[in-house]
There are 2 protein chains.
Amino acid sequence: MPEKVIIIGSGPAGWTAAIYAARANLEPLVFAGRPKSSPSLVLPGGQLMLTTDVENYPGFPEGVTGPKMMAYFEQQAVRFGTRIVTDEGMNPDVSDPDDGHSSKYQDCKSVDFSSRPFTVVGEDDKVYESHSVIVATGATANWIGLENEQRLAISGGGVSACAVCDGAMPIFRNKELGVVGGGDSAVEEATYLTKFASKVYMIHRRDKLRASKIMQKRALDNPKIEVLWNKVVVDVLGDASITGVRLRDTGTDEESDRQLGGLFVAIGHTPATEFLQGQLELDAKGYVKLKDTYRSTTSVEGVFAAGDVSDSVYRQAVTAAGMGCKAAMDAERWLADQGLD
Amino acid sequence: MPEKVIIIGSGPAGWTAAIYAARANLEPLVFAGRPKSSPSLVLPGGQLMLTTDVENYPGFPEGVTGPKMMAYFEQQAVRFGTRIVTDEGMNPDVSDPDDGHSSKYQDCKSVDFSSRPFTVVGEDDKVYESHSVIVATGATANWIGLENEQRLAISGGGVSACAVCDGAMPIFRNKELGVVGGGDSAVEEATYLTKFASKVYMIHRRDKLRASKIMQKRALDNPKIEVLWNKVVVDVLGDASITGVRLRDTGTDEESDRQLGGLFVAIGHTPATEFLQGQLELDAKGYVKLKDTYRSTTSVEGVFAAGDVSDSVYRQAVTAAGMGCKAAMDAERWLADQGLD
């Protein structure tokens, strides 16, 4: 018997889809994936496993840690009958947020959406059939790739890939901050951070910004923003918290240190959609294209998408969760339409 | 000095918009409204003030009561600098979830979006100016209008206006349930409830359904659904929990009692948009039209909408919260574009 719905991913979108699908008696099966070594950490729990304090997910007035929040989501999904694919079969057990997630959660290796029921293949090559699939594999922030950058990002030591998520934290108030990147979102992040920072240095490897004209103007006109041209970050300095960065000039190769109270890396995101190539319509950047942006429908009927994997604009835990809810409701209604529930 | 952003509404969308706007240093001003006598309860806290147990808002594995959840949202918004308009001026104090919300929160009486900055007028006729406005006034479920219906809805006694929210609750398992209504969403609710119920009676005042052909067929073909034609509910029976309904035949005026373990009222919703007539483009049912359904933009630049006021499809706390986040991020970026932040 094919499954009614398989959910791939275990960030806010995936677990929320599981909560709603489980409550609709669809007995969802989740490929939660396994922790991958950062900087490519995607699953399980998604990007939030890299986040110490989440202060903007509504419902937690005092904030909550990312891993704890994801454990709550998972517990809630399991409570209503979600099954998780593990190396040892279906596991309704919930990971311990203090020990981190279990490493035995299965990732999805490949999918075939060309015939029905769809097939989803696990890492162990077991084949699962399903009438519908919700893709919620997320996107990873691109990092420079430095050991100290990763260490301070994971420990909440003042390195972040999301100004909207973390910019308002007290540790960044009235500090000199750095933003790495030269595109539109780097300018957006830098502008956003000027609300809190005494000064924002944009660190860019070239001698002009990649951002659109209007965004360039916004950055260059802002007295709080200064661009450090032709510079790359070669190390992030500081033990418990960032104290600065080591820069290398791309022209002269000269190195210099710059004191900073925080570093925001804004060099794009990579959606986790490689396994969907040829199966689902993706946009130029690899994000899953939604057929109707109000809903979660994709180019294949019966396949739904939710969260950062199909959102390059907002990327917030609560927007991803909202999309996960929509995907489960869309799947439920589609299955009912087809008489497959 | 005009405000940067005024938020009208205090459901999940309004408070989430406030959390994000406050964290972006926009110092949002919220018209949270005041408790209105049910069944027209809209503000503050929105529809959730009518909800005892919320089990599907992700992050609360054991569930949370609606009023407590809304108090958490409010506390979080206030923590980051949200101001609330009250009879006594701006009030950063947070209502006590156990005492219910304070009655002195101001509602918004009217708006003028025809000139900039926009004006928003409070109940006390005080005029506030703002560069941007987020409309999050929600929608109310339409009720039959019976005293016992309202009593049992508010107390969680088995009367509800949302099958997706409440249908999975243990009290409804293997019970005979009633659905009031004959439109598409009544059929949708009835079909959804067959997953849990032993039988679902659709109670409809006419001799045919208003639902589309395909939805009619779905209801009539489902062995678990039986339509009670030409019947209106004239009373809801039961003390702590519903035990049944009293029906009147619209042809013969004869009354009869029907035992039921739950009643779902599915006779539509009314968005709280009367004060927006002529100010903002609304659809035929009165919902705020989004210019781009992926975003929160409306027919007036600088005015954003979020939550049930612009969503007639999903209406969930988490989808509304997601839209509130989008609206605040859209407002923040728009204000930055205009140099108004």
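Just so we're on the same page: letters track the sequence lines, and every chain starts at 1. In what follows, every heavy atom counts, from backbone to side chain, and hydrogens, waters and symmetry copies are set aside.
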Check whether any side-chain N or O of B:Q76 sits under 3.5 Å from a backbone N or O of A:E62 as a donor-acceptor pair, and report yes or no.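 Looks like no, no N/O pair under 3.5 Å.
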
Under 4.5 Å from any heavy atom of chain B - which part of [X]:
| X | answer |
| --- | --- |
| A:D221 | neither |
| A:S310 | backbone |
| A:D292 | side chain |
| A:V313 | both |

Is there a side-chain contact between [X] and [Y], using heavy atoms and a 4.5 Å cut-off?
| X | Y | result |
| --- | --- | --- |
| A:R315 | B:M329 | no |
| B:L26 | A:K195 | yes |
| B:V164 | A:R23 | no |
| A:F60 | B:F73 | no |
| A:F80 | B:N56 | no |

Taking every non-hydrogen pair under 4.5 Å, which of [options] racks up the most with chain B?
| options | value |
| --- | --- |
| A:Q316, A:E55, A:M215 | A:E55 |
| A:G167, A:A77, A:G322, A:G339 | A:G322 |
| A:E188, A:K326, A:R79, A:M69 | A:K326 |
| A:R295, A:M169, A:M323 | A:R295 |

Could you state the interatomic distance from OH (B:Y192) to CG (A:N25), rounded to the nearest 0.5 Å?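 These two atoms lie 8.0 Å from each other.
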
In Å and rounded to the nearest 0.5 Å, what is the CG to OG1 distance from A:L290 to B:T293?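 Reported value, rounded in 0.5 Å steps: 9.5 Å.
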
Would you say the ring centroid of B:Y57 lies under 6.0 angstrom from that of A:Y20?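 They do not qualify: ring centres at least 6.0 Å apart.
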
If you count heavy-atom pairs under 4.5 Å between each of B:A317, B:G324, B:A168 and chain A, which one has the most?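 Top count of heavy-atom pairs under 4.5 Å with chain A: B:A168.
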
Among B:A163, B:A24, B:P58, which residue forms the greatest number of heavy-atom pairs with chain A at distances under 4.5 Å?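 Highest number of heavy-atom pairs under 4.5 Å: B:P58.
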
Evaluate the side chain to side chain donor-acceptor pair (under 3.5 Å) criterion for residues B:D330 and A:Y314: first the C-alpha distance (whole Å), next the side-chain angles of each, then the deciding distance (0.1 Å), finally the verdict. CA-CA 9 Å; B:D330 288 344; A:Y314 300 103; 2.7 Å; yes

B:D337 versus chain A, the contacting section by heavy-atom distance below 4.5 Å: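 Both the backbone and the side chain of B:D337 come within 4.5 Å of chain A.
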
